[in-house]
Amino acid sequence: IILTLAACFTLGLVTAFGVVGIGIPSFIMTLAMMQIANGISAMLVRGQIAYNYPEIITTLGSGTIFGIKWTIVICLIFLLVGHLVLTYTRFGRYVYMVGGNREAAEYSGVNVKMIIAAVMIIAAMCSGIAGMLGVAYFGSAQQNQFDTFLLDAIAAVVVGGTSLFGGRGGIGNTIIGLLVLGVLNNGLDHIQIDSFLKILIRGLILLAALVINVYAQKLRESARE
């Protein structure tokens, strides 16, 4: 577990260096790092399914506390901490400032590069923990195990109202997006339709959310003028 977290920290550090040190656009850099991480995963498992992992992972996947699954408890803790940090700390305010207007944040004395680097590293660490929870939930680890979750993760945040242009969003909105997407996925799974059509429907919903997001941003900009 410690090695996993250290690896995630290192990958996050490399991503941060690429973005703030070299100047590579964050989307391109994270996409490249995703491919690198997939390559490392492929080399480690060699197409096999791994069942040999620490006992604590098994406990996290199948164990409960007061009748609630550990995975749910850990997710709730992370959501709560994220909400508190973004809402009530200086770092959280700086994150919104940098996302909303990077130049204005820099003129205000915010260390923009440090904030971006910190966010990249935190995202990498959270991804690693989410991966371990996923392995615990499914009871095995294999290459490309969570590829289908990438689109859902983006969709949940966008449906929740987080701005693609930065500066707007929050954990509360993301939870709403998660619930909406969860209900949608559950509903589609219970409807007797082609499984490939389900993928199309999810994509269309994400596209609709993106369109609404863009127009909402334009309306906000018009209101300011």
Side-chain angles (χ1 to χ4, degrees), residues 1-15 27 30-83 85 119-160 162 171 173-190 195 198-199 202-203 205-206:
I1 293 172
I2 293 172
L3 285 174
T4 300
L5 294 176
C8 291
F9 179 85
T10 304
L11 290 173
L13 200 61
V14 173
T15 305
F27 178 80
T30 50
L31 189 64
M33 290 307 296
M34 183 179 71
Q35 292 300 317
I36 291 170
N38 282 339
I40 294 171
S41 172
M43 291 176 64
L44 288 173
V45 299
R46 300 283 179 179
Q48 304 297 313
I49 300 176
Y51 297 100
N52 186 20
Y53 44 80
E55 187 177 342
I56 187 172
I57 300 296
T58 306
T59 302
L60 289 175
S62 58
T64 60
I65 178 171
F66 303 117
I68 304 173
K69 281 189 171 293
W70 270 110
T71 47
I72 297 175
V73 172
I74 293 171
C75 288
L76 289 175
I77 290 172
F78 269 77
L79 289 169
L80 177 61
V81 171
H83 173 71
V85 169
V119 169
M120 294 289 176
I121 293 171
I122 291 170
M125 298 290 286
C126 288
S127 298
I129 293 169
M132 284 191 281
L133 289 176
V135 168
Y137 178 78
F138 289 109
S140 64
Q142 56 186 305
Q143 185 184 347
N144 303 325
Q145 187 170 6
F146 304 111
D147 283 359
T148 57
F149 287 88
L150 178 61
L151 185 62
D152 284 348
I154 296 170
V157 175
V158 174
V159 170
T162 297
I171 299 299
N173 293 340
T174 300
I175 292 174
I176 293 171
L178 285 168
L179 293 174
V180 169
L181 204 67
V183 170
L184 172 68
N185 286 338
N186 262 341
L188 290 175
D189 289 338
H190 285 84
S195 58
K198 295 176 185 177
I199 299 173
R202 289 182 183 128
I205 290 171
L206 176 57

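Since the structure is predicted, the reported quantities are computational estimates derived from the model, not experimental observations. For this chain, numbers begin at 1 and follow the sequence in order.
- When the side-chain contact (heavy atoms from CB on, under 4.5 Å) test is applied to I175, the partners found at least two apart in sequence or on another chain are L79, I171, L179.
- Between N38 atom CG and M33 atom CE the span is 11.0 Å, to the nearest 0.5 Å.
- Few gaps surround CD1 on I65; more than 12 heavy atoms of other groups in view lie less than 6.0 Å from it.
- Note: M125 CE to I121 CD1 = 9.0 Å, rounded to the nearest 0.5 Å.
- A distance of 14.5 Å separates CZ of F9 from CD1 of I2, quoted to the nearest 0.5 Å.
- Here the CD1-CG distance, from I68 to L76, works out to 7.5 Å after rounding to the nearest 0.5 Å.
- Contacts of A124 classified as side-chain contact (heavy atoms from CB on, under 4.5 Å), with partners at least two apart in sequence or in another chain: none.
- A donor-acceptor contact shorter than 3.5 Å is absent between the side chain of S41 and the backbone of A37.
- Of all non-hydrogen atoms in G128 and C8, the two that sit nearest each other are CA-SG, 3.3 Å.
- With sequence neighbours left out, I176 forms a side-chain contact (heavy atoms from CB on, under 4.5 Å) with V180.
- Here CG of L5 is found 10.5 Å from OG1 of T10. Values are rounded to the nearest 0.5 Å.
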